[in-house]
Amino acid sequence: MGDIFLAGRTALVTGSTSGIGLAIAEALGAAGARVAVNGLGDEAQIAAAVAAVHAAGAPQVRHFGADLADAGAVEQMMQALAAWSPADIVVNCAGVQHAAPIADMPAATWDRLIAINLSAAFHTMRLALPGMAARGYGRVVNIASVHGLVASINKSPYVASKFGLIGLSKVAGLEYASAGSRDSGGVTVNCVCPGWVETALIEPQITAKAQDVGGNRDAGVRELLREKQPSQRMSLPAEIADLVVWLCRKQSHNLTGAAIPVDGGWTAQ
Ligand code: NAD
């Protein structure tokens, strides 16, 4: 058995039915946390995600099916979670993307993207942070993006939502900085800002790049990396998850209000 330093803790990971969120839910489960899985998907996908988090080592796993575009549904999810086991760790990972120039961006897409990528995190945080402070330990890790630090064309709601998420996290980091103690672990709020990570989210962009260069999927990946990510390597979801687990350790009590890039040098340029 590994280091189960999160035994007795409860973690909510939004958007954990696939990709980075699923890897984070597995890693927190492997560290001993009870895990609340959230995300969309058909029955089989949800059952597979719950089974994977169990298999990783989580003592208890439950799926909360809230559609995060709906603020009322987020509030209901947080009430149901509090009745199950209040969250010591909240990872806001759910996110969606839509690429189009500003002039062609449907207004409804803007509203939906801001609701899922930004407002849902505000709602989970406002409802979870007071309990964390009262218990002296809490971790909020918001999965932002390099696009919370720098912009790219054709991603107006995505970039706006991720810049907003970093600002929101800094405010919350300040508001809760003095909660708890070194012994209890304190309450911290941070963002992780990945560059390209191999998940379903970026497949449409890989396909578009492959078409641009008249090549196959590998050529599309190479072109995406060539443009912006100097390491020329994608991250894997499990690598992002390792950082999130580290942020949940008591030793990280003084790391708060930060936006941590994991981007192969993208934002160092
Ligand atoms: P993904 O598409 O594999 O996973 C997205 C998750 O969000 C899924 O579980 C999905 O069900 C959930 N979700 C989407 N809409 C939802 C809604 N309305 N209600 C509830 N859940 C919803 O994508 P991913 O690549 O794992 O992305 C996870 C996060 O990482 C996102 O916030 C994304 O912006 C961020 N990110 C990804 C990359 C990348 O290269 N993949 C880079 C930087 C940041």
Side-chain angles (χ1 to χ4, degrees), residues 12-27 35-46 48-50 52-53 63-74 76-78 91-99 108-109 111-121 123-124 141-152 155 157-166 169 191-206 209 220-221 224-225 227-229 231 233-241 243-244 259-264 266-267:
L12 165 67
V13 186
T14 72
S16 51
T17 49
S18 76
I20 299 169
L22 176 55
I24 293 170
E26 290 174 309
V35 180
V37 168
N38 157 262
L40 308 178
D42 61 24
E43 240 176 76
Q45 186 183 3
I46 290 166
V50 168
V53 179
H63 177 251
F64 293 80
D67 179 344
L68 302 182
D70 175 354
V74 182
Q76 279 172 13
M77 173 178 76
M78 296 309 285
V91 182
N92 288 300
C93 186
V96 288
Q97 174 66 281
H98 184 88
T109 300
D111 288 344
R112 185 173 167 76
L113 223 137
I114 297 291
I116 296 168
N117 292 11
L118 177 57
S119 301
H123 293 301
T124 61
V141 184
N142 292 325
I143 307 303
S145 166
V146 284
H147 285 118
L149 298 167
V150 292
S152 292
K155 295 185 176 176
Y158 189 81
V159 169
S161 72
K162 298 298 188 180
F163 269 74
L165 192 56
I166 290 176
S169 306
C191 284
V192 173
C193 302
W196 295 118
V197 186
E198 283 209 48
T199 71
L201 185 86
I202 65 165
E203 278 306 316
Q205 295 171 77
I206 293 174
K209 279 288 172 233
V221 169
L224 272 187
L225 290 168
E227 277 181 350
K228 303 231 162 159
Q229 192 149 312
S231 67
R233 297 185 299 273
M234 296 242 184
S235 291
L236 299 176
E239 295 164 356
I240 306 298
L243 174 57
V244 174
I260 307 168
V262 187
D263 63 3
W266 182 329
T267 53

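Each residue takes its place number in the sequence, starting with 1. Atoms within a ligand are numbered from 1 in the order they appear, just like the ligands themselves.
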Return yes if a side-chain donor-acceptor contact under 3.5 Å exists between Thr124 and Asn92, otherwise no.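 Judged by distance alone, the side chains do pair up.
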
Tell me which protein heavy atom sits closest to [atom], plus the residue, atom name and distance to 0.1 Å.
| atom | answer |
| --- | --- |
| atom 23 (O) of ligand 1 | Leu201 CB, 3.3 Å |
| atom 25 (O) of ligand 1 | Thr199 OG1, 2.4 Å |
| atom 18 (N) of ligand 1 | Asp67 OD1, 2.8 Å |
| atom 11 (O) of ligand 1 | Leu40 N, 2.9 Å |
| atom 40 (O) of ligand 1 | Val197 N, 2.7 Å |

Only heavy atoms of [X], strictly under 4.0 Å: list the atoms of ligand 1 that pass.
| X | result |
| --- | --- |
| Val96 | 14 (C), 15 (N) |
| Gly195 | 38 (C), 40 (O), 42 (C), 43 (C) |
| Lys162 | 31 (C), 32 (O), 33 (C), 34 (O) |
| Ile202 | 39 (C), 40 (O), 41 (N) |
| Ser16 | 9 (O) |
| Ser18 | 1 (P), 3 (O), 4 (O), 8 (C), 9 (O) |
| Gly19 | 3 (O), 26 (O) |
| Leu68 | 17 (C), 18 (N), 19 (N), 20 (C) |

[X] to ligand 1, any heavy atom closer than 4.0 Å:
| X | answer |
| --- | --- |
| Ala144 | yes |
| Ala66 | yes |
| His147 | no |

[X] versus ligand 1: do any nitrogen or oxygen atoms come within less than 3.5 Å of each other?
| X | answer |
| --- | --- |
| Tyr158 | yes |
| Cys93 | yes |
| Ile20 | yes |
| Gly15 | yes |
| Gly39 | no |
| Trp196 | no |
| Gly41 | no |

Between [X] and [Y] (side chain of the first, backbone of the second, donor and acceptor by atom type, cut-off under 3.5 Å), is there such a pair?
| X | Y | value |
| --- | --- | --- |
| Glu198 | Pro237 | no |
| Gln45 | Ala49 | no |
| Thr14 | Ala94 | yes |
| Glu239 | Leu236 | yes |
| Asn38 | Val13 | no |

Give, for atom [atom1] of [X] and atom [atom2] of [Y], the distance between the pair rounded to the nearest 0.5 Å.
| X | Y | atom1 | atom2 | value |
| --- | --- | --- | --- | --- |
| Asn117 | Leu68 | CG | CG | 10.0 Å |
| Ser16 | Glu26 | OG | CD | 10.0 Å |
| Asn142 | Lys162 | CG | NZ | 8.5 Å |

